[in-house]
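Take a look at the structure set out below.
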Amino acid sequence: MIPLPFYLLLAAALFCIGLFGALARRNAIAILMGIELMLNAVNINLIAFWRYIQPAAPTWDLAGQIFALFVITLAAAEAAIALALVIAIYRSRDTVNVEEVDLMKW
Amino acid sequence: MPDAQTLWLISPELVLAIFGLAILLFAIIWRERVYGALAWVALVGLALALAAAVNLWGAHARLFAGMYAVDMFALFFKIVAPIAGILVVLISMDYLRERTRYRGEFFVLLTFAILAMMMMASSANLLMIFLSIEFLSYMSYLLTGFLREDRKSNEAAIKYLLYGAITSAVMLYGLSLLYGISGSLNLGDVALTFSKSADTSVQTLALVATALVLAGLGFKISLVPFHQWAPDAYEGAPTPVTAFLSVGPKAVGFAVLLRFTLTTLPGLPEFANYWTPLLVIISIATMTLGNLVALRQTNVKRLLAYSSIAQAGYMLIGLVAVNLGGSSPFSGLNGVLIYLFAYLFTNLGAFVCVIAIENATGIVEIPEYAGLVKRAPLVAALFIVFFLSLAGIPPTAGFVGKFFVFGAALREGFLVLAAIGVLNSVISVFYYFGVVRAAFFLEPKDTSPIRVAPLVTLSLVVTAAMVLLIAVYPEPLFNLAAWSMAMLK
Amino acid sequence: MVPFALSLLVLLPLVGAAIVLLIPKGQKSDSLIKWFAVVWSVIPLLLASYLWFVLFDPNASKMQFEEAYLWISSINVRYHVGVDGLSMPLVWLTTLLTVLGLFYSSYVIHERAREFFFMFLLLETGMIGVFVSLDFFLFYVFWELGLVPMYFLIAIWGHAEDRPQYSAIKFFLYTLVGSVLMLLAIIAMYINTSTATTPGTFDLIELATKRPFANDFVFASLAFWGIFLAFAIKVPLFPFHTWLPDAHTAAPTAGSVILAGILLKLGTYGFVRVLVPIFPQVFQANVLPIAILATISIVYGALVAMAQTDFKRLIAYSSVNHMGYVILGVAAAVAIGGANLTDRAIALNGAMLQMFNHGVITGALFFIVGILYERAHTRDLKSFGGLGAKTPVYGAILLTASFASLGLPGLAGFISEFMVFRGAFATLPLIATICVLGIVFGAAMMLWKVIQNVLLGVFDEKRWAEQEKHGVKLYDMTRFEVITLAPLLFLMVLIGVYPSVILNTLNTISVAILGQIVK
Amino acid sequence: MSTDLVLTYVGFFMMGAIALIGAVLAVSQRNILRAALGLIVSFIGVAGIYFVLEAEFVGVVQILIYVGAITILILFAIMLTRGLMQGTTSGHNSQWLAAALLAMLLFAALALVALGTNWNVAATRVSSDLIPKIGAELMTTYVLPFEAVSLLLLAALVGAIVIARE
Amino acid sequence: MDILNDLFVNAQIWLTDALRALVAGFGLAQDAEAALVAVVMTLLSIFAILLFMVLMVLILIWLERKVVARIQDRLGPNRVGPWGLLQPVADTIKMFTKEDIVPANADRLIHTLAPIIVMVPAVLAFAVVPFGRGMQAIDLNIGILYVVAVGSIGTIGIFLAGYGSNNKFSLIGGMRAVAQMVSYEVPQVLTIVAVVLMAGSLSLNRIVEAQSGWGGLRWFLFAFPVGPIAFVVYYLSGLAEVNRTPFDLPEGESELVAGHHTEYSGMKWGLFYLGEYFNFFVMCSIGATLFLGGWNGPLLPPYVWFIVKVYALIVLGMWIRMTWPRFRVDQLMGFAWKVLVPIALVNIVLTSLALPVLKTIGLI
């Protein structure tokens, strides 16, 4: 098998790219995209661990996969809420002034 | 299919789930006609859940292959959560009437948020921790942005969401590392792996992983530097939601943090060398920054936001100084629990005051509070009580909380931390009394009396009474805290 | 025997405050509130008088009228109250000054009367509570309880031109800084006295015998200085005194009276009740710096008072000076050295008597200033003159109080200051010598600034005639003002000529306290 | 090296490269729609990684949910708020440098953990058909989170509709 | 009979053997040999499937025009080749030679990518379709899920086409298409769940095998009452998924010119055209696999049965196209969410309840 750290490094890289996107972007949707990348990276981790790591208790065999499935589900819910909010914001501001609606000024 | 015993043990959660769904169903079928009644349905549900939680007191079980802990520590928070919910429902009714057409849905989300809080308190598994935190977070985002015509509300919600999503992703990475080292999602197994491992590399992993997890939990309890969302969210959210956000997520955030650290970390004794200084720094930064920035606020919701950031810093002292050995009453843990309980009523009470005024006049700016004592004497007077409690001045509940938290710090020898803590509480008096000053000493432009809705008055009286009662007769609360600690010892 | 005597004493004002709140709104409610509050406040005074003059045993060194109930069992907090010779006079003084303050205020307070009398009665509960508490936790609670009403008294009814809100929050924050550090010390002492099997204690009596941190001088010092700071700010000892002039100047007359008469005593009372018995070693080790601070307070307070042009500010600074004597006396009593117990006891007696005297004298002086201000709407010393002839009753009373304040023999101040110096010369001769300067400056300030400026000189007829158009009229004291001041003047004279009425009581207790710490 | 291993390596590097390139595009493209395309590419790459790891079910779910649902949501959001997307300002905020530094720092820490930890790696052990087992686990051991997540989805849906509705 | 039945399987085996023999001459390591053979064979089967699909599409285009013409009482194409059979070829040549126009201000990259993305998922889906016994490129144990998953990618292509054209008709068409496809995916997947319940597996192969009883006629379509309901819902939402009349609102020419591909011409337009027929074909193949027993059937070779069933579904679609008017846009969404989804949900519940009964009486 490929050494486990290969996957972990890939996940770490993806995670950090996503984090950069989430922190550095101006646009709410772009930030959301960065967040989705981060979640994907974690899922790689989870699946890789599931595949490689000897579990402490044998009954927990599928824990990693199931965790990843839940993460994917939650990501979908999160994206739906974010979308709803973005649309609501867009609607409540009559002018399409980029500076005004540019929320992402942390 | 879970057996009857299991269902019994999760009866508070079941009650809330059923009532939440019922409210949703009613709201969809009958729409506006029943909106007034749905709040009462929610109240009944929350009261039943509270009763169910109280009824379970004493239980000690691990359900669903150990992922769900029904113990007194969890039940403590399952008692706290519906109380907060009931108060929030009481203050929401009048507030929402003018502001949204979807009052039924609001109570659905609120009920589910309380359900999520209960689940957080019981989570003893990485998956459950993540899931329940996200559950509560999503409900919070939606509640924050619930007033969709209100631009501030929307903006607050999206900021809250994006910030929350980033931190929870970071936390999730930490959780995945913990899963990786132990091969199991159960906190107990993680602890076992830690304690069995003599490897220093595990130490590094544990440090990185817990630091990442702390990011996510720090977001929920608004610790510096994960606090930036709080002021915006608090200011923009509908005020009852702000009240909820300031106590609910914070309380259960601490519940998870406590369970997580107290379960997993004892396996790594040397770990405290890195972990404690980290927490000390965060604690000091949180309370100092929260207080200093609060000094400059003119919006009362924003002021309370920064104040609640600072409060989280005090509570963290309890975690820093946690020591479950010995028979000392200053174990740190009970300090946090007592503090949380006191803080619940205090901060909710302060927000009830804000709502009482906002409902009638729309005022949230402190300078406009001028002459409040003439317009709404009860509200103005109780503002003092809640602020004194927040500042930790006797005879109020906040004092009792601070007493135990600082006591724990002293017991463990964190003198400087305790000193910084108390000095911070002195600073906080300054801005709290800024509000009092406006309310009592300045001349009002408009002298018309402010009519406070009966339900709001009721919540005011209840919270104020609790704040004073806890101070005068704190014994039951100590016992509650002591018992709930018993399982973690 | 009065059952629950002290609890009654503590609770009565609180009940009164609650009743004040409940009196229904109406046209006459203000006067109803005023008269109710005054009459109600007489009850604690009568009770305290009965306790002190009839039931109290002046020769007993132990606590009297003790009550103790377990309050919070998990941390061994008890509701433990009791009085001894140290606290009994102060309790009585509190009830007296409250009655006088309320009585006076019922004539001069016209705005927001309900809140005023509510706050005042609440304040009384706090003050009495501190004096009777024998449990440090309880002590702390009462200690803080007094803060809020005083804050409001200053901020709401203060004189608008004196920045009352600023002064009030300054008073509040200063006191709070000290008290939170004291809180830490309290908890630390509890933790230190607890063992694996027995809980610690907050009981002041027990702490005095257990002596927390007995083996750990560093921690003992930390705890000592934490508590010291709280008390020193309250006293106020130089350099923590800066809140005092502001607060006094801004406060309404009755507020100033209580502030000077009682609240400052909380600090010195704490010195004697807490610091001396619990931390004798640390106190002894640090006597010199404390005595030096006292010296600075005495000399500097007098000098600065002399430089004032504001009558009220002058009296305020004179309090710094006078309270310095108390600290000097306490320091002298515990100082290391060969002095015998008698010398020390005399110093401590002087300090304790000075506490009582200062309450009486300065309380009177603040009434006097307030009375003048009511008429003239100014406190600028330069604008007065010749009042001795114009308003003879006022002049006589002011003269008496001033003489008492500067320590003229035959009046109260002399006795206590003399005793302080008598003791201090035995243990801290050098410092005592320097402090004599304070007496000189104090006399100068009273004679030169107050008596000369206000009573002597030429009455500026033209100016006051001009002022009269604006509703300002200098007339002599009215009946209620005289009634207010009469008891205080009586006390000044009584203690001045026959100090034994109170000294016996004090002596018992100072011998007892010093007996524990001096071998 | 066995053929399987070679193929695994090839698959890993190919899919990893796709995932990373897509991710870089997603965070660097100023045009938000192109960024979204990069995101899709990255998702597909990640799904490929799952296939390489023999977690086909998760891989397919990844495509179904991420590519089929989440991306659509994102695209919809982009389209419905089109006015916002065509600004002249740059796509990154002023803190991008700090963000980059933070990300790199974090990467260093995570890489340290990934390489430095003695992972308790076990032998190959993927049995042929795990899907029924996943289903069974979801309905037994994980029934509580499963039910919770269904409530969550329902509530999120209701809330999203309330907020986004005309 | 067996020879005919396994014609293509045997061909593959023969080809593999031949290849192996050929490679053996290269003197490679055994591992590498096997790998080479595997790769070549995979490429070959991909090529074969593609070829097959293109052929099918050409036939489909011809067939559609013929069927439509017949329903409208016309003859349809009849000049190019016998019965007009070469008409699609002529069309293709025309498309190749047309100018490729990209509108001004359109996003060129996206404009180009869109038709490709529409095409790709259909091709990918074929990887798991069992054309006959043993005739399946890959037997994924999650086959049906895979089909649904890759099918959802196509939505993005249509969206991009609408967005990237910088044309309001395109944009509206694209939005409508995406909304419609996302909505109808829900009832479609729900009906698939019912089938999965009955078959007990996600693998398409196993699903087909589960229907092999009664001499190859025990189809899920006959699993009364849940099977027919599921089939109808599946087929209707399938039609909507591939944007065919009466669900062709995204390209309703009377309103939107041509919807998302208004601005396309030449080969790119051709790709859309191709993609639509691909998708239609995939939809019908999966329908046949899930409900009509796949390649199961008496007498005839499996692959023939399969083609026959697929074409039956295709002709049904064409018939519907010519006889039903187009939906209105609000009716469209309402139909999905208020009619099909509830039916499908109830059907799932019914299925799980009926499962033991159906098993006992042998319907499944």
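Every chain is numbered from 1, with letters handed out A, B, ... down the list of sequences. Keep in mind that the numbers below use all heavy atoms, side chains included, and drop hydrogens, waters and symmetry copies.
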Turns out that what part of E:Met181 lies under 4.5 Å from chain D's heavy atoms comes down to neither
Problem set entry | Min side-chain heavy-atom separation E:Phe159-D:Ile78 under 4.5 Å | no
Cut-off 4.5 Å, heavy atoms of chain D, and the answer for E:Tyr146 is both
Under 4.5 Å to a heavy atom of chain D? For E:Leu202 that would be side chain
Okay, D:Ile40 and chain E: the region with an atom under 4.5 Å from a heavy atom over there is side chain
Applying a strict 4.5 Å limit to non-hydrogen atoms, the region of E:Val148 in contact with chain D is both
Minimal heavy-atom distance between E:Ala149 and D:Leu64, with the atoms involved, is CA-CD1, 3.5 Å
Heaviest contributor of heavy-atom pairs below 4.5 Å to chain E, chosen from D:Thr71, D:Ile65, D:Ile131, is D:Ile131
Here the pair of heavy atoms bringing D:Ile63 nearest to E:Ser152 is O-OG, 4.2 Å
| said: Atom CZ of residue position E:Arg206 - does it have more than 12 heavy atoms of other residues, nucleotides or ligands inside 6.0 Å? | reply: no
Checked D:Val61, D:Leu7, D:Leu37, D:Asn31 vs chain E; the most non-hydrogen pairs under 4.5 Å come from D:Leu37
Less than 4.5 Å apart, any side-chain heavy atom of D:Leu75 and any of E:Val178?
-> no
